[in-house]
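Just below is one structure, and these are the notes that go with it.
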Amino acid sequence: MKKLGLNGQIFFAAAAAVALGLFAHDKNIDHALYAANLVGTLFIDLLKMVMIPLVFCAIVTGIANLRQHSQMHVVWKTTLLFFATTTLIAVVIGLGASQLFKPGADLHLEMFADAIQQFETKQLTLPEFFTQFLHGIFMNPFKALAEGNILAIVAFALLLGIALVLSAERYPHLLAVFEEGMAVAMQMINWIMRLAPFGIAALLFKLVATQDVSLFASLTKFMLVVTGTTLLHGLVVLPLLLWLLTGKRPWWFLRQAKQALLTAFATSSSTATMPVTMRCATQNMQVKPEIAGFVVPLGATVNMDGTALYEAAAALFVAQLAGIDLSLGQQLVVCFTTMIAAMGAPGIPSAGMVTMVMVLQSVGLPAEAIAILLPIDRLLDTVRTAVNVEGDMIGSLVVQHRIEKLAQQTP
Ligand code: ASP
């Protein structure tokens, strides 16, 4: 019999875990849950362990090597344009779907009084959030590395990469250290991925077996609208953009991206998934390490289409629950705040729920309403994180294509 490849093992394990989780739901399975928690957490910990050195080395070498082709400005401009455009499309889809299907139309806030009462919101206004976001960008790099503060690590690595570029050939050894650091980190990721079938299965088993289903009935329509539109964005819009911009076929992309998408689905964390995303981009899709090294880590921190779509759809849903009709102006405010909120959300489970408070407050909606959404968030977070990660990989392919095209044009 042919030996099952890693992709096959991951799929088989994931499907078996979901089936087992459904079977074990509501049963007394404390020991199994303990084991699943242990294995799942171990897998995430291992990914996080290599993630920090990898991000740091990848960005520094990425920037330093891009300069050799004098393409740095094309890379960052294309990256930011791609991220902003796709996030905006996601927000518009989220708002449009909530308008069209009105998932909150027959529901009222009072129906959820119990859930809301238990909830205390952390007040975070847009200006406060913005200050906090800006303040978090620059800090002592050792502190940032120790705390795993990705945004600050990205910022410092960018500056260090630029400094290496500007000082031309003066520090070749330092650059070589980072290059070798990245190569070694990728080697470690290849080892960690051998555990992926177990880690992913454990996480999915725990998710399915412990899911609280009490609120599902009244929120089914909302969940269907959000999941349906997130899938639309991930399976139609983003692949279509990839095809239009690079000529690469969607199924080719999905085949190469499978491991990262499944890891994101199971971990609900784009940051923890980042090593796998880098691996898929560089090893499966042949994106140059200097391009993936810039686009993927940056994307994992600021490019979150799934989160943006969710927050926009959820804001309108809450407005419908509260019986408030948002004007066009207010919807534009939601659109803008959602883009900032998605950008500022760290790539960890349920981060979108925290920054959503700000979106609700921007148009005077009751922030406590997110208490209704919390019980279903872990489930919705799976698909939206996968789409967040997908956007980063497609971004790196688009940027690479643009660079290649420019190189052909300039002899
Ligand atoms: N879990 C998401 C991510 O890591 C963020 C969120 O929307 O909660 O990308």
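Values reported hereafter were calculated over all heavy atoms of this structure, with side chains retained and with hydrogens, waters and symmetry mates removed. For ligands, and for the atoms within them, numbers begin at 1 and follow the listed sequence.
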Would you mind running through ligand 1 and noting each atom that sits below 4.0 Å from a heavy atom of [X]?
X: Thr307; value: 5 (C), 6 (C), 7 (O)
X: Gly352; value: 6 (C), 7 (O), 8 (O)
X: Ala351; value: 6 (C), 8 (O)

Check your understanding: Does atom CH2 of Trp252 have more than 12 heavy-atom neighbours, drawn from other residues, nucleotides or ligands, at distances under 6.0 Å?
Key -> yes
Review point. Hey, does Ser268 sit under 4.0 Å from ligand 1 if you only count heavy atoms?
Key: yes
Check your understanding: Looking just at side-chain N and O atoms, do Ser268 and Arg378 make a donor-acceptor pair shorter than 3.5 Å?
Key ->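 Yes, a side-chain donor-acceptor pair sits under 3.5 Å.
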**Study point:** N or O contact, Met353 vs ligand 1, cut-off under 3.5 Å
**Key:** no
Point to revise | Residue pair Phe253, Leu238: steps toward the side chain to side chain contact (heavy atoms under 4.5 Å, CB included) verdict | key: CA-CA 11 Å; Phe253 169 77; Leu238 285 178; over 6 Å; no
Review point. Is the shortest side-chain N to carboxylate O distance from Asp381 to Arg384 below 4.0 Å?
Key: yes
Exercise for review: Report the distance from atom CG of Leu397 to atom CD1 of Ile291, rounding to the nearest 0.5 Å.
Suggested key: 10.0 Å
**Study point:** Gap separating the CD1 atom of Ile340 from the CD atom of Glu311, nearest 0.5 angstrom
**Key:**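 Taking CD1 in Ile340 and CD in Glu311, the distance rounds to 11.5 Å.
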Exercise for review: Give the contacting part of Thr271 toward ligand 1: side chain, backbone, both or neither, where contact means a heavy-atom distance below 4.0 Å.
Suggested key: neither
Exercise for review: With heavy atoms only and a cut-off of under 4.0 Å, state how Ser350 meets ligand 1: side chain, backbone, both or neither.
Suggested key: backbone
Point to revise | Minimum-distance protein heavy atom relative to atom 9 (O) of ligand 1 | key: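 That would be Ser270 OG, 2.3 Å.
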Review point. Considering only protein heavy atoms, which is closest to atom 2 (C) of ligand 1, and at what distance to one decimal place?
Key: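 Atom 2 (C) of ligand 1 sits closest to the protein heavy atom Thr385 OG1, 3.4 Å.
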Check your understanding: Is the ring centre of Phe138 less than 6.0 Å from the ring centre of Phe156?
Key ->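 When the ring centroids of Phe138 and Phe156 are compared, they turn out to be at least 6.0 Å apart.
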